[in-house]
> 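Dropping a structure here in structure tokens format, bear with me for questions.
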2 protein chains.
Amino acid sequence: MKQSDKYAEILKKGDLRATKQRYAILEVLDCNGAPVSAEDLYIQLKRKGIPISLSTVYRILDAFQEKGIVVRSNFPDVSKAVYELFCEEHHHHLLCVDCRRVFPVEGCPLEDYERLIEERLNFTVKGHNLEVYGHCKDCKKKT
Amino acid sequence: MKQSDKYAEILKKGDLRATKQRYAILEVLDCNGAPVSAEDLYIQLKRKGIPISLSTVYRILDAFQEKGIVVRSNFPDVSKAVYELFCEEHHHHLLCVDCRRVFPVEGCPLEDYERLIEERLNFTVKGHNLEVYGHCKDCKKKT
DNA sequence: GTTCCTGCAAATAATTTGCATACCT
DNA sequence: AGGTATGCAAATTATTTGCAGGAAC
């Protein structure tokens, strides 16, 4: 299946019209392994020559998040939201507080914890938001 | 030790002058078990008759965070930051997406995970931010 | 007295909204 | 054609900053 067909399918499933801007956002998110802010996304799109406005970026991300196409989260100490494509293999990120790069980590240690919360506290867990921060390999070297 | 002495000590340790506003913020944070936003804090202070401005609240929270007196975090889907007193017993929160109340949970499941990250990825973990969300006991009943 | 803190108002940053036009189906 | 999406500019919300006066040490 071609990439663009994949995007078309995602949009159809979400009952969203296929537009150039939506395709472009899906493509950029797909290439960026890590979460991106609305503004970064906007800059990347402009750089690629896609005609789009920042408010459209926000509106599309909102729509995507509503349909479960993207996931929004926040890094500690950063006041803007970041977005990434929803991905079957649930995972987390490492944020380097020095270079600010983001590294994905496979897997998630929270399954047991969530089960425990459900049992002990009678709280139905819908999901969680976990960000781990510290110093990456490269930044450690520099010091 | 009196409560106010405790606050005085916290401020002294942080090299911060003892002012009415700082005492009041420590007190409000101490009473709220859960994290609060700057604005909520401001409203609670005003209600108590404390003369303070919103920018002072922000400035104090900033200073406190710098000194490690408070911890700032973000709840998913909420664009404003929340703050709580730093607490020796590291813990997390449950956010009910219905009533928006926040419940503390003792303990943290991430120690092993962090050790694993340090070993496998050569990334020095400084900390993490975890928020779990879902439906609390009471809100489940209502449906 | 000196330095730090606070209040006010204005600035900035992040996000949202109204409305007219343009584009999908 | 009909309804939805987009762009632009203006509105809102969250947070920060400059500066003058006030309080802590």
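Letters A, B, ... mirror the listed sequences (proteins, then strands); counts begin at 1. Side-chain atoms are counted along with the backbone in the values below, which use heavy atoms only and exclude waters and symmetry mates. The structure presented is a predicted model; accordingly, all values stated were derived computationally and were not measured.
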> Could you state the CD1-C1' distance from A:I43 to C:dA14, rounded to the nearest angstrom?
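Interatomic distance, CD1 of A:I43 to C1' of C:dA14: 13 Å.
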> For B:N74 and D:dT13, give me the distance from atom CG to atom C1', rounded to whole Å.
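B:N74 atom CG is separated from D:dT13 atom C1' by 14 Å.
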> A:Q21 side chain to A:P51 main-chain N or O, any donor-acceptor pair under 3.5 Å?
yes
> Counting side-chain heavy atoms from C-beta on, which of D:dA5, C:dG7, D:dT15 comes nearest to A:L16?
D:dA5
> Could you check which of D:dT6, D:dA14, C:dT6 has an atom nearest any side-chain atom of B:Q21?
C:dT6
> To the nearest Å, give me how far apart CZ (B:R72) and C1' (D:dT16) are.
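Checked: the CZ to C1' distance equals 11 Å.
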> Send over the distance from A:Y23 OH to D:dT6 P, rounded to a whole Å.
13 Å
> Could you tell me how far apart A:E66 (CD) and D:dA5 (P) are, to the nearest whole angstrom?
12 Å
> Is atom CD of A:E66 surrounded by more than 12 heavy atoms (other residues, nucleotides or ligands) closer than 6.0 Å?
no
> Hey, are B:D112 and B:R115 close enough for a salt bridge, meaning a charged N less than 4.0 Å from a carboxylate O?
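Result for this pair is yes, salt bridge flagged.
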> Mind checking if B:A38 touches a base, just sugar-phosphate, or nothing, with heavy atoms under 4.0 Å?
nothing
> Is any side-chain heavy atom of A:H128 closer than 4.5 Å to a side-chain heavy atom of B:L130?
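Yes, at least one pair of side-chain atoms sits under 4.5 Å.
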> Give the rounded distance in Å between these two atoms: CG of B:L11 and P of D:dC25.
9 Å
> If I take atom CD1 in residue A:I52 and atom C1' in nucleotide C:dA22, what distance separates them, rounded to the nearest angstrom?
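It works out to 15 Å between those atoms.
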> Would you say B:K12 has more than 12 foreign heavy atoms packed within less than 6.0 Å of its NZ?
no
> Once you apply a heavy-atom cut-off of 4.0 Å, does B:R59 come out as touching a base, just sugar-phosphate, or nothing?
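Base: the residue B:R59, judged by heavy atoms under 4.0 Å, touches a nucleobase.
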> Among C:dC24, C:dA14, D:dG7, which nucleotide sits nearest the side chain of A:Y58?
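The answer is C:dA14, which lies nearest to the side chain.
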> I want to check one thing: is the phosphate of C:dG7, taken as OP1 and OP2, less than 4.0 Å away from some side-chain N or O of B:S53?
yes
> Can you tell which of D:dG7, C:dC4, C:dT15 lies closest to the side chain of A:A81?
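Closest nucleotide to the A:A81 side chain: C:dT15.
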> Are any side-chain N or O atoms of A:R22 and backbone N or O atoms of A:R17, one a donor and one an acceptor, separated by less than 3.5 Å?
yes
> Starting the side chain at C-beta, find the nucleotide from C:dC4, D:dT16, C:dT16 nearest to B:D62.
D:dT16
> Counting side-chain heavy atoms from CB outward, which of C:dT15, D:dG7, D:dA5 is closest to A:R22?
D:dA5
> Choose from D:dA5, D:dA24, C:dT16 the nucleotide whose nearest atom is closest to any side-chain atom of A:S55.
C:dT16
> Nearest to the side chain of B:T19, which nucleotide is it out of C:dG7, D:dG7, D:dA24?
D:dA24
> Measure NZ/B:K20 against C1'/C:dG7 and give the value in whole Å, please.
14 Å
> Counting only side-chain heavy atoms from C-beta out, which of C:dC4, C:dT25, C:dT15 sits nearest to A:K80?
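Looking only at heavy atoms from C-beta outward on A:K80, the closest nucleotide is C:dT15.
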> Using the closest heavy atom to pick a nucleotide of DNA chain D for each, name whichever of B:L54 or B:R17 lands nearer the 5' end.
B:L54
